[in-house]
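Heads up: the structure comes next, in structure tokens.
Within every chain, numbering begins at 1; the chains are lettered A, B, ... in the order of the sequence lines, protein sequences first and strands thereafter.
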Amino acid sequence: MLEIQRIRTDKESIIEGLKKRNIDVTPIVDNILEKDSRWRSAKGELENCSAELNRIAKQVGELFQQGKQEEANQAKAQTAVLKENESAYKEQVKQLEDEINQLMYQLPNVPNEQVKAGKNELDNETVEEVGSKTTFSGKALPHWEITQKYDLIDFELGVKVTGAGFPIYKGKGAKLQRALIAFFLDEAHKAGYEEFIPPLVVNEASGFGTGQLPDKEGQMYYVNEDDLYLIPTAEVPLTNIYRDVLLPNEDFSIKMTGYTPCFRREAGSYGKDVRGLNRLHQFDKVEIVRIEHPDNSARALDEMVNHVKGLLAKLGLHYRILRLCGGDTGFASAMTYDFEVFSAAQEKWLEVSSVSRFDTFQANRLKLRFKTADKKTALCHTLNGSALALPRIVAALLENNQTEDGIKIPEVLHKYTGFEMIS
RNA sequence: GGAGAGUUGGCAGAGUGGUCGAUUGCGGCAGUCUUGAAAACUGUUGAACCGAAGGGUUCCGGGGGUUCGAAUCCCUCACUCUCCGCCA
């Protein structure tokens, strides 16, 4: 969430910036400022009461020790009214804090200056396109037919065991999956990211830290019995490793990677988009996460984008990079690049990665800070990106690389798969 | 799942109703000494919020209560450890 300090001092730029998301937050911001000013005055009163009570308590103690019972009891009598006032102010302060927080949760991150205004995905800018469409002599099969033809993934069986959106990978399909995960992790390792295997379920505080809660809880699977959530992305456990952390100096650059399955309820998505591997309730992903000094986050974002470009190039996929417009940029993000691969048989672009910088938005919730050279504390910047999400990569690989003899496996994967062709 | 013990500052570890944001040790930082370093000695060393400032408030796992006053007493929740049971 945004810093209240920033709203106090920089209201106009927040309102202006958020217009790029096609929303006008003026009423919310004004409401916050009004409540904030009442909060401060109530807080002041409360602290005065506390200070006075502290003073009396101290006095009473001294009087008792001097054996002045009478005077001590007199002093005690003074506290009744003060205590009443104190609890009234306390109530007020708490109430206002709750209301302010409710409002703060409604404010998304302010888009970076490079982000263009826009309403939805139609306004996104294509910043780069690499490769070209595969051409086929005959008719190209969509991946859900290929997976059936070569017995790579069984969607029906997944329905039987669990439900729609939980495919079962088999044989070379499973091996390909494992190969991609190993490849992505090795590449991340080479790029300096430390590998983690985090928990796949997280507590409420973690969901809150990265911004999934309180608003988007409907998107996560929830384990009622233990009050835990299945992770929608490795971003949640990885970033939360650094919740409530105060880094001792300015000299840090934390680079983490991890493979995890991701669980998403995807309530309300139906139809053509969910066919085959296009949208699943459980899928595999390798994530990269960075925690950076504010001065470094722009460079870090570039590095992450380049990393993902490298992966797609090595896989020989036709892809493009979009810089999301304000309206399509995620709630917590200041700037997001989406990577899409072209799926030749479906003839459409499939999102396979989303690389974002959050600036202090997550760090503020996480209480992730560092000590500056002059011994002040300041919020870190967080970034993350998929590198990469598997299902649509698999879809594109199968569709784009189909030949009459079978599916060609990209060379970089050979050492992981142990086969060069699926036939 | 059953029984018991615990949760205090970066770490270790005192503190069982008042002057305790908290003894002490280690670590960190600064200084003295030294060509330099080590050792020794001296000093210093948590965070959040409000305030222009002086200053004030809050924080001893979380929440609530008793009291003029709580790290200390009570209730409750979470977590950790030990033993037993179960188990990959």
Let me have the donor-acceptor pairs involving side chains of residues 158-173 of chain A, under 3.5 Å, with sequence neighbours excluded, atom names and distances please.
residue: Lys170(A); atom: NZ; partner: Asp151(A); partner atom: OD1; Å: 3.1
residue: Lys170(A); atom: NZ; partner: Asp151(A); partner atom: OD2; Å: 3.4
residue: Lys172(A); atom: NZ; partner: Met421(A); partner atom: O; Å: 3.4

If the C1' atom of G65(B) is compared with that of A14(B), how far apart are they to the nearest Å?
-> 27 Å
Across every strand shown, the nucleotide meeting Watson-Crick or G-U wobble geometry with A53(B) (both distances under 3.5 Å) is none
Partner nucleotide, any strand, of G1(B) [Watson-Crick/G-U, under 3.5 Å] = C84(B)
If pairing requires Watson-Crick or G-U wobble contacts with both distances under 3.5 Å, which nucleotide is the partner of G25(B)?
-> C11(B)
Going 5' to 3' along RNA chain B, which nucleotides are the first and last within contact of chain A (any atom under 4.0 Å from a heavy atom)?
-> G18(B) to G69(B)
For Ala51(A), answer base if it contacts any base atom (sugar-phosphate contacts may also be present), sugar-phosphate if it contacts only those atoms, and nothing otherwise; contact means non-hydrogen atoms under 4.0 Å.
-> sugar-phosphate
Watson-Crick or G-U counterpart of A47(B), or none if no pair lies under 3.5 Å | U58(B)
Position toward the 5' end of RNA chain B (nearest nucleotide), Ala57(A) or Asp36(A) | Ala57(A)
With a 4.0 Å cut-off on heavy atoms, is Arg369(A) in touch with a base, just the backbone sugar-phosphate, or nothing at all?
-> sugar-phosphate
Do Thr257(A) and Glu195(A) have side-chain N/O donor and acceptor atoms under 3.5 Å apart?
-> no
Taking the P atom of each, how far is A12(B) from U45(B), in whole Å?
-> 22 Å
Determine the Euclidean distance between corresponding P atoms of G18(B) and G25(B); express it in Å to zero decimal places.
-> 24 Å
Quantified in whole Å, what is the P atom distance between nucleotide A71(B) and nucleotide U58(B)?
-> 10 Å
May I ask you to decide if Gln346(A)'s main-chain N or O and Glu399(A)'s side chain share a donor-acceptor pair within less than 3.5 Å?
-> yes
Comparing Val60(A) and Ser50(A) on RNA chain B - which has the more 5′ nearest nucleotide = Ser50(A)
Polar side chain donor-acceptor pair, Asn31(A) to Lys35(A), under 3.5 angstrom = yes
Can you tell me, in whole Å, how much space there is between the C1' of C29(B) and that of C77(B)?
-> 40 Å
Go ahead and name the base partner of U32(B); Watson-Crick or wobble counts if both distances stay under 3.5 Å, otherwise write none.
-> A40(B)
Cys325(A) side chain near Lys119(A) side chain, heavy-atom distance below 4.5 Å = no
When all nucleic acid strands are considered with a 4.0 Å heavy-atom cut-off, which category describes Asn48(A): base, sugar-phosphate, or nothing?
-> nothing
Using modelled atom types only, decide if a donor and an acceptor are shared between the side chain of His281(A) and the backbone of Arg264(A) within a distance under 3.5 Å.
-> yes
Please confirm whether Phe184(A) and Tyr416(A) have ring centers closer than 6.0 angstrom.
-> no
Span that lies between the C1' atom of C79(B) and that of G61(B), in whole angstrom = 8 Å
Any strand: nucleotide that pairs with C79(B) via Watson-Crick or wobble, under 3.5 Å = G6(B)
Distance between the P atoms of G43(B) and U8(B), in whole angstroms?
-> 29 Å
Please determine, for G18(B), whether a Watson-Crick or G-U wobble partner exists with both distances under 3.5 Å, and give it or none.
-> C68(B)
Base, sugar-phosphate, or nothing for Arg38(A), non-hydrogen atoms under 4.0 angstrom?
-> nothing
Take atom P in A39(B) and the same atom in G31(B), then report the distance between them in whole Å.
-> 16 Å
Over 60° means perpendicular and under 30° means parallel, so classify the ring planes of Phe370(A) and His293(A), tilted if in between.
-> tilted
